[in-house]
Number of protein chains: 2
Amino acid sequence: MRASDRAYAALRDEIIDWQLTPGTVLAEVEQAARLGVSRTPLREALARLTADGLVATQAGRGLMVTDVSADSIRQLFELRRALEEQAVRLAATRRDPAVFDALALEFERASTLIGRPEDRAAYYELVARLDAAIDDSVDNGYLVSALENLRTHLVRVRRLAKDNAARLLESAVEHLTITRAIADGDVELAASATHLHLHRALQHALGAHDLTIATTAMSHHGTTTLERTAS
Amino acid sequence: MRASDRAYAALRDEIIDWQLTPGTVLAEVEQAARLGVSRTPLREALARLTADGLVATQAGRGLMVTDVSADSIRQLFELRRALEEQAVRLAATRRDPAVFDALALEFERASTLIGRPEDRAAYYELVARLDAAIDDSVDNGYLVSALENLRTHLVRVRRLAKDNAARLLESAVEHLTITRAIADGDVELAASATHLHLHRALQHALGAHDLTIATTAMSHHGTTTLERTAS
DNA sequence: TCGCGCTACTGTGTATACATAGACGGAGAG
DNA sequence: CTCTCCGTCTATGTATACACAGTAGCGCGA
């Protein structure tokens, strides 16, 4: 594997996993040394991250990890609705019914997975397989590319939101509805079910984000107070 | 301006202007020499073009200018519908009515521009200003980024389609309808008018493409015949 | 004559050296 | 004491040199 690919994957994973938090400055020599590559492949990695929107040039201060705010989540979900509604519409038209029937069966049993913390990863993997089946059915490279980039951002937001069992059980039902609609070739039902799913996911994400903001603000306040007391 | 930006702009413009035709191999040293930059900024330019989807790595043969086929145009317009319908929906919600009222007045007078070949560019510029007004109204960086990338591909297809006056007059009426719907804040009308506009634009683009394919095939046949005769 | 293998070469990927612009700090003047 | 200007220094942008892999072409053997 190329050094530039490794650097890109490493930085992207650290950003979506919140190890590199928004506002972190990514200096070329520093990151190149840390990741064990030279500046040339690292610059290529940073260029790709910039194109992805995970990193942006902040006037005069070099490249910074982009922010996640309530407003950016709103924007992200507006794009998500456009792309995913179109994707499920096309998937419902072009799908192989057997594939989505099989996935629907799995979603019916998903509540078991969600209940056991050790099987939580298996549920996320099931959702990923639904995404892959939709990508495969839409038969549209431009749309799939846009969806892949979108999902990178969504993972970052999801890591922040910390799904709870209640929300996951809800989402399993929503996914089941979407999957059945695609299997049945019901374009409008698939689109409406997706709209509903995204509406609820946005509410959940925004709620979690507000909590995080509040918590962060409080802990910052506390730190500041301690610093003042110490000085 | 940076050398990598110049190289990117030069290559992109040549690709969308069909000076670099699909299948052309872009070797690094060759292009670097031609554009008067070193390999480093040129590689950055090629990476950006690859991310844009204007260039792709063909197994073993290096980077090639991507193809434009009837199928790729179909895919492009499926993505276009998703993005533009969402964009006009959001624009109709968030617009400044005065901006779109002014644009609507200009579209009413557009038939004059289309009639005179020397003012043809002025009509395209008017459409570009409508796009810019929509971008400004949607207040969504992710969506605008996706639209900008999409438009690059659309320009390449349009250069192929060679709009005629009849189609442009039709499109002016469609644009007027969309602009008025946005000005009035009529979300569903704006979305439906956009759907209709894209449907007609696709028919036109596909028709033009088929003609080009037929012409190319004929000229290729002719060339082959000549070569055989010569040898 | 056909097939297999070897060699040379071209082109990509990476490292590094160099140029330059912009930011930060210090010193001096008002 | 503060503001401004100048110098230095750090970080980015570019060029180039080197390493290596993949390929094409040629030659040799069957």
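So you know, we letter chains A, B, ... as the sequences are listed, proteins then strands, and number each from 1. Model, not experiment: these values are computed from the prediction.
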### Query
Does any non-hydrogen side-chain atom of A:Arg120 lie less than 4.5 Å from one of A:Leu168?
yes

#### Entry: B:Asn149 side chain to A:Tyr142 side chain, donor-acceptor N/O pair below 3.5 angstrom
no

### Message
Less than 3.5 Å apart, any donor N or O on the side chain of B:Arg34 or B:Gln31 sitting next to an acceptor on the other?
### Response
yes

### Query
Does A:Arg48 count as lying over the ring of A:Tyr8, i.e. NZ or CZ under 6.0 Å from the six-ring centre, within 45 degrees of the axis?
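Ring-cation test returns yes.
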
Starting at [atom1] of [X] and ending at [atom2] of [N], how long is that distance when rounded to a whole Å?
X       : N      : atom1 : atom2 : result
A:Gln31 : D:dA11 : CD    : P     : 12 Å
B:Leu63 : C:dG11 : CG    : P     : 13 Å
A:Leu26 : D:dA11 : CG    : P     : 13 Å

### Message
What does the B/S/- profile of nucleotides 14-25 of chain D look like, 5' to 3', with a 4.0 Å heavy-atom cutoff to protein?
### Response
BBBB-----S--

#### Entry: Non-neighbouring partners of B:Asp135 that pass side chain to side chain contact (heavy atoms under 4.5 Å, CB included), sequence neighbours left out
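In terms of side chain to side chain contact (heavy atoms under 4.5 Å, CB included), with neighbours along the sequence ignored, B:Asp135 is linked to B:Val144, B:Leu147, B:Arg151.
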
